[in-house]
Peer 1: 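Have a look at the structure that comes next, please.
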Amino acid sequence: MQQGNEQALSELYHRYYAPLCIKAYKRIPSTPVVEEIVQDVFVNFWAKSATLDIQGNIKAYLYATLRNKVLHELRTAYNRARYAEVIRQLQAQSTDDQSLDAIYAKETECRINQVISSLSPQCREAFRLSRFEHLSYKEIATYMNISVNTVEKHIAKALGILRSKLNEYGDIAIVIALLISLNL
């Protein structure tokens with residue numbers, strides 16, 4: 001083997017391949033994985049054969065290499081499964097959090113719509129034109145046939161009512177963020 005004799009490798013391969021597979025299969029009951037591990041044992045052995053000093057105990061070397069590769073495979077499989085489970089849990093938690101956020105956002109949106117609906121007709125119309133139609137106060141005054149000062153008072157009143165009603169409903173920072181996202 002130290003002289004690179006492929007015939008010697010072939011002899012070792014035929015002699016030890018099946019017993020090594022049987023030994024590995026006891027720990028890893030997957031034929032493709034076992035065959036790959038045993039192939040790696042022989043590839044590793046061939047690659048290092050010129051520098052190995054195994055004093056004629058090739059069988060012990062092959063089994064020790066097999067044991068190390070099997071243990072490595074078991075550790076790798078265990079870690080893969082553990083990390084996959086952690087990822088599944090995080091994804092499930094994220095989905096739950098997103099569902100709760102969506103429910104809370106929908107409830108808040110409904111509450112905002114209720115508060116807007118409770119405004120007086122002129123106040124509601126001025127607010128709608130300002131926040132949803134993005135008209136200026138002057139454009140709203142012209143459209144509603146009222147003064148700009150009256151438009152300002154309607155908008156200020158609407159915002160004040162929204163703040164006070166929604167402050168009672170929940171955390172004002174979240175509500176303000178939602179108001180901003182709704183262009184309120």
Peer 1: Mind checking the CG-CD1 spacing from Leu66 to Ile37? Nearest 0.5 Å is all I need.
Peer 2: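 That separation rounds to 7.0 Å.
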Peer 1: Hey, could you give me the CD1/NZ distance between Ile28 and Lys23, rounded to the nearest 0.5 Å?
Peer 2: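 Between Ile28 CD1 and Lys23 NZ, I get 12.5 Å after rounding to 0.5 Å.
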Peer 1: To the nearest 0.5 Å, what is the distance between OH (Tyr63) and OH (Tyr16)?
Peer 2: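 It comes to 7.5 Å.
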Peer 1: Does Glu36 have more than 12 heavy atoms from other residues, nucleotides or ligands lying within 6.0 Å of its CD?
Peer 2: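 Not buried by this count: 12 neighbours or fewer within 6.0 Å.
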Peer 1: Using the rule side-chain contact (heavy atoms from CB on, under 4.5 Å), only one of Val33, Thr31, Val38 pairs with Glu35; which is it?
Peer 2: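 Going through the options one by one, the only one that passes is Thr31.
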Peer 1: Suppose we screen for side chain to side chain contact (heavy atoms under 4.5 Å, CB included). Which residues come up paired with Asn44, at least two apart in sequence or across chains?
Peer 2: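 Partners of Asn44 under the side chain to side chain contact (heavy atoms under 4.5 Å, CB included) test: Lys48, Tyr61, Thr65, Lys69.
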Peer 1: Answer with yes or no whether the hydrophobic clustering places Phe132 together with Ile155; edges join I, L, V, M, F, W, Y residues whose side-chain heavy atoms lie under 4.5 Å apart.
Peer 2: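 Yes, one cluster joins them.
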Peer 1: Measure the spacing between CZ of Arg15 and CG of Leu20 and express it to the nearest 0.5 Å.
Peer 2: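 Reported to 0.5 Å precision, the distance equals 12.0 Å.
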Peer 1: May I ask you to test the Glu6-Ser10 pair for a side-chain heavy-atom distance under 4.5 Å?
Peer 2: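 No, too far: nothing below the 4.5 Å cut-off.
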Peer 1: Are Leu129 and Val148 connected in a single hydrophobic cluster, I mean Ile/Leu/Val/Met/Phe/Trp/Tyr linked by side-chain heavy atoms less than 4.5 Å apart?
Peer 2: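 Looking at the clustering, Leu129 is in the same group as Val148.
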Peer 1: Should Leu159 and Phe127 count as side-chain neighbours, where that means a heavy-atom distance under 4.5 Å?
Peer 2: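 They are in contact (side-chain heavy atoms under 4.5 Å apart), so the answer is yes.
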Peer 1: Using every non-hydrogen atom in the two residues, find where Pro29 and Arg27 come nearest and quote the distance to one decimal.
Peer 2: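 Taking every non-hydrogen atom into account, CD-O, 3.7 Å.
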Peer 1: Testing the basics here: between Ala158 and Leu119, what is the closest heavy-atom pair and its distance to 0.1 Å?
Peer 2: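 The pair with the smallest heavy-atom distance is CB-CD1, 3.7 Å.
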Peer 1: Can you name the closest pair of heavy atoms from Ile146 and Val151 and give their distance?
Peer 2: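 The answer is CD1-CG2, 3.6 Å.
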Peer 1: Do the non-hydrogen side-chain atoms of Tyr17 and Leu12 ever get within less than 4.5 Å of each other?
Peer 2: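 No; the side chains remain at least 4.5 Å from each other.
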Peer 1: Does a side chain donor of either Tyr13 or Gln39 reach within less than 3.5 Å of an acceptor in the other side chain?
Peer 2: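 Judged by distance alone, the side chains do pair up.
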Peer 1: Looking only at heavy atoms, what is the nearest atom pair of Val34 and Ala24, with distance?
Peer 2: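 That closest heavy-atom pairing would be CG1-CB, 3.8 Å.
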Peer 1: Take Tyr78 and Leu74, measure what side chain to side chain contact (heavy atoms under 4.5 Å, CB included) needs, and give me the verdict at the end.
Peer 2: CA-CA 6 Å; Tyr78 171 77; Leu74 291 172; over 6 Å; no
Peer 1: Output the distance between atom CD1 (Ile58) and atom CD (Glu11), rounded to the nearest 0.5 Å.
Peer 2: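 Result: 10.5 Å between the selected atoms.
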Peer 1: Please name the pair of heavy atoms, one in Ile116 and one in Arg124, separated by the smallest distance, quoted to 0.1 Å.
Peer 2: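 Closest approach of Ile116 to Arg124, heavy atoms only: O-CD, 3.4 Å.
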Peer 1: Let me confirm one number: the CE-CD distance from Met144 to Glu125, rounded to the nearest 0.5 Å.
Peer 2: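 Here the rounded value is 5.5 Å.
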Peer 1: Which residue pairs pass the ring pair (Phe, Tyr, Trp, His ring centres under 6.0 Å) test when at least one of the two sits in residues 135-164, sequence neighbours left out?
Peer 2: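 Sorted result for residues 135-164: empty, none.
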Peer 1: Restricting to non-hydrogen atoms, name the atom on Ser147 and the atom on Thr150 that form the minimum distance, rounded to 0.1 Å.
Peer 2: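 Shortest heavy-atom separation between Ser147 and Thr150 comes out as OG-OG1, 2.8 Å.
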Peer 1: I want to check something: taking the side chain as every heavy atom from C-beta on, are Ile140 and Ser130 in contact at a cut-off of under 4.5 Å?
Peer 2: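 SC-SC contact between Ile140 and Ser130 confirmed.
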Peer 1: Tell me whether Glu85 is salt-bridged to Arg82, with the criterion being a basic N under 4.0 Å from an acidic carboxylate O.
Peer 2: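 Not counted as a salt bridge, because no side-chain N and carboxylate O are separated by less than 4.0 Å.
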